[in-house]
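Each remark here refers to the structure printed beneath this line.
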Amino acid sequence: MRILAVADTEAKYYYDFYTPGKLDEFELILACGDLRRDYLEFLATLAHCPLIYVRGNHDDRFHEAPPEGCICAEDQIVVVNGVRILGLGGSYRYRDGRNMYTEQQMCRRIQRLRLQLWRNKGFDILLTHAPARNLGDLDSISHRGFACFEELLHRYEPKYFVHGHVHRDYGTDVPQRTEYGKTTIINASNYCRFDY
């Protein structure tokens with residue numbers, strides 16, 4: 001399965017410089033948050049494949065007006081072509097906002113998923129906005145990751161962990177792909193293509 005992952009900033013290659021057929025290769029689009037509604041709707045319409053998204057810390061408006069034609073994976077496992085995708089959007093709480101959480105709040109969200117995780121026998125892709133603590137995050141509180149995400153990776157060993165939030169242009173030491181045990185971690189800031 002060919003997957004396009006997007007996050008944080010609109011990919012000019014697939015938007016401003018779009019040409020017919022450019023999105024035809026993809027069977028799934030994963031959106032990791034902080035993207036405009038019209039951009040997500042554009043991708044969902046022209047790609048002719050499911051677009052699964054989670055909300056970023058700047059996506060408060062999606063609670064009232066979610067992007068049409070897209071599937072929200074917040075706090076659930078969405079299955080596409082047999083691939084189990086667990087969605088947990090939002091960032092570490094550094095100010096007021098509907099999509100910001102303390103470590104304890106994110107842990108409670110995960111605890112509420114125990115039955116879904118058991119029924120689905122785990123998951124294949126962890127789709128989040130924020131990274132895991134010490135696995136692609138930064139020291140600043142606004143870009144801190146969640147330690148409980150690392151626990152999920154350790155326990156369920158998904159094939160991929162796809163996140164955004166830490167823009168790759170923040171510095172030369174922000175990798176697009178890293179490995180953690182059996183999991184490939186992808187920072188989808190702007191965009192990343194990969195095969196499942």
Side-chain angles (χ1 to χ4, degrees), residues 1-18 22-59 62 66-67 69-91 99 123-132 135-137 143 145-146 149-150 152-153 156-170 174-180 182-196:
M1 179 187 298
R2 188 74 163 151
I3 299 174
L4 173 65
V6 292
D8 305 308
T9 57
E10 286 72 28
K12 291 180 184 282
Y13 181 74
Y14 291 111
Y15 195 49
D16 295 345
F17 306 121
Y18 177 80
K22 194 176 268 190
L23 293 166
D24 288 352
E25 69 178 293
F26 300 109
E27 298 170 77
L28 177 64
I29 298 176
L30 299 175
C32 302
D34 286 353
L35 294 166
R36 292 191 335 260
R37 179 180 183 219
D38 60 335
Y39 175 67
L40 295 179
E41 292 172 346
F42 175 87
L43 293 176
T45 300
L46 295 175
H48 307 291
C49 69
L51 187 151
I52 312 295
Y53 75 93
V54 292
R55 293 184 288 267
N57 53 301
H58 299 297
D59 291 331
F62 284 4
C70 304
I71 301 165
C72 182
E74 289 289 349
D75 300 310
Q76 63 180 319
I77 295 173
V78 175
V79 181
V80 177
N81 295 332
V83 177
R84 303 161 298 170
I85 303 157
L86 172 60
L88 290 163
S91 74
N99 298 305
F123 57 95
D124 304 301
I125 297 175
L126 177 58
L127 177 65
T128 70
H129 180 61
L135 293 173
D137 65 344
H143 291 93
F146 290 101
F149 288 172
E150 183 181 5
L152 276 174
L153 300 181
Y156 293 99
E157 299 182 326
K159 188 165 178 70
Y160 290 101
F161 171 26
V162 185
H163 70 84
H165 194 50
V166 178
H167 300 209
R168 288 199 316 276
D169 60 4
Y170 284 172
V174 178
Q176 184 171 54
R177 293 176 192 236
T178 55
E179 302 294 323
Y180 178 81
K182 297 180 180 178
T183 303
T184 299
I185 300 173
I186 295 176
N187 180 336
S189 181
N190 196 272
Y191 77 92
C192 180
R193 297 178 295 239
F194 65 99
D195 293 308
Y196 183 94

Please evaluate residues R37 and C70 with respect to the criterion side-chain contact (heavy atoms from CB on, under 4.5 Å), reporting the C-alpha separation (whole Å), side-chain torsions for both, the decisive distance (0.1 Å), and the verdict. CA-CA 10 Å; R37 179 180 183 219; C70 304; over 6 Å; no
With a 3.5 Å distance limit and no angle check, can you tell me whether Y15 reaches the backbone of L43 through a side-chain donor-acceptor pair? no
Is a side-chain donor-acceptor pair under 3.5 Å present for R84 with Y156? no
Would you say that T184 contacts K159 through its side chain, given a criterion of any heavy-atom pair below 4.5 Å between the two side chains? no
Which heavy atom of V162 sits nearest to which heavy atom of C32, and what is that distance? CG1-SG, 3.6 Å
Closest heavy-atom pair, L51 versus A31, reported as atoms and distance to 0.1 Å, is CD2-CB, 4.1 Å
Sequence neighbours excluded, which residues qualify as side-chain contact (heavy atoms from CB on, under 4.5 Å) partners of N99? R55, D59, D60, H63, Y101
With a 4.5 Å limit on heavy-atom distance, are the side chains of N187 and P131 in contact? no
Could you tell me the separation between the CZ atom of F194 and the CG atom of L30, rounded to the nearest 0.5 Å? 5.5 Å
Can you pull out every side-chain hydrogen bond (donor to acceptor under 3.5 Å, both in side chains) where at least one residue sits in residues 22-34? Sequence neighbours excluded, please. R2-E25, D34-H129
Compare all side-chain heavy atoms of L40 with those of F62 and state whether any distance is below 4.5 angstrom. yes
May I ask you to test the F161-Y180 pair for a side-chain heavy-atom distance under 4.5 Å? no
Taken to the nearest 0.5 Å, the spacing of Y160 OH from L126 CG works out to 14.0 Å
For V80 and P50 the tightest heavy-atom approach is CG1-CG, 4.0 Å
Least distance between heavy atoms, I29 atom then C49 atom: CG1-SG, 3.9 Å
Flag, side chain of D8 to backbone of N190, donor-acceptor distance under 3.5 Å: no
Rounded to the nearest 0.5 Å, the OH atom of Y53 sits from the CD atom of E74 at a distance of 8.0 Å
Measure the CZ-CD1 distance between F123 and I77 for me, rounded to the nearest 0.5 Å. 7.5 Å
Just wondering, do L28 and N81 contact through their side chains at under 4.5 Å, heavy atoms? no
Distance-minimising heavy-atom pair for S91 and N57: OG-CB, 3.2 Å
Spacing of H58 atom NE2 and H165 atom NE2 [to the nearest 0.5 Å]: 7.0 Å
To the nearest 0.5 Å, what is the distance between OH on Y196 and CD1 on I125? 6.5 Å
Looking only at heavy atoms, what is the nearest atom pair of L88 and D75, with distance? CD2-OD1, 3.6 Å
Step by step, would you call L153 with L135 a side-chain contact (heavy atoms from CB on, under 4.5 Å)? CA-CA 11 Å; L153 300 181; L135 293 173; 4.2 Å; yes
For Y191, give me all partners under ring pair (Phe, Tyr, Trp, His ring centres under 6.0 Å), at least two apart in sequence or on another chain. Y14
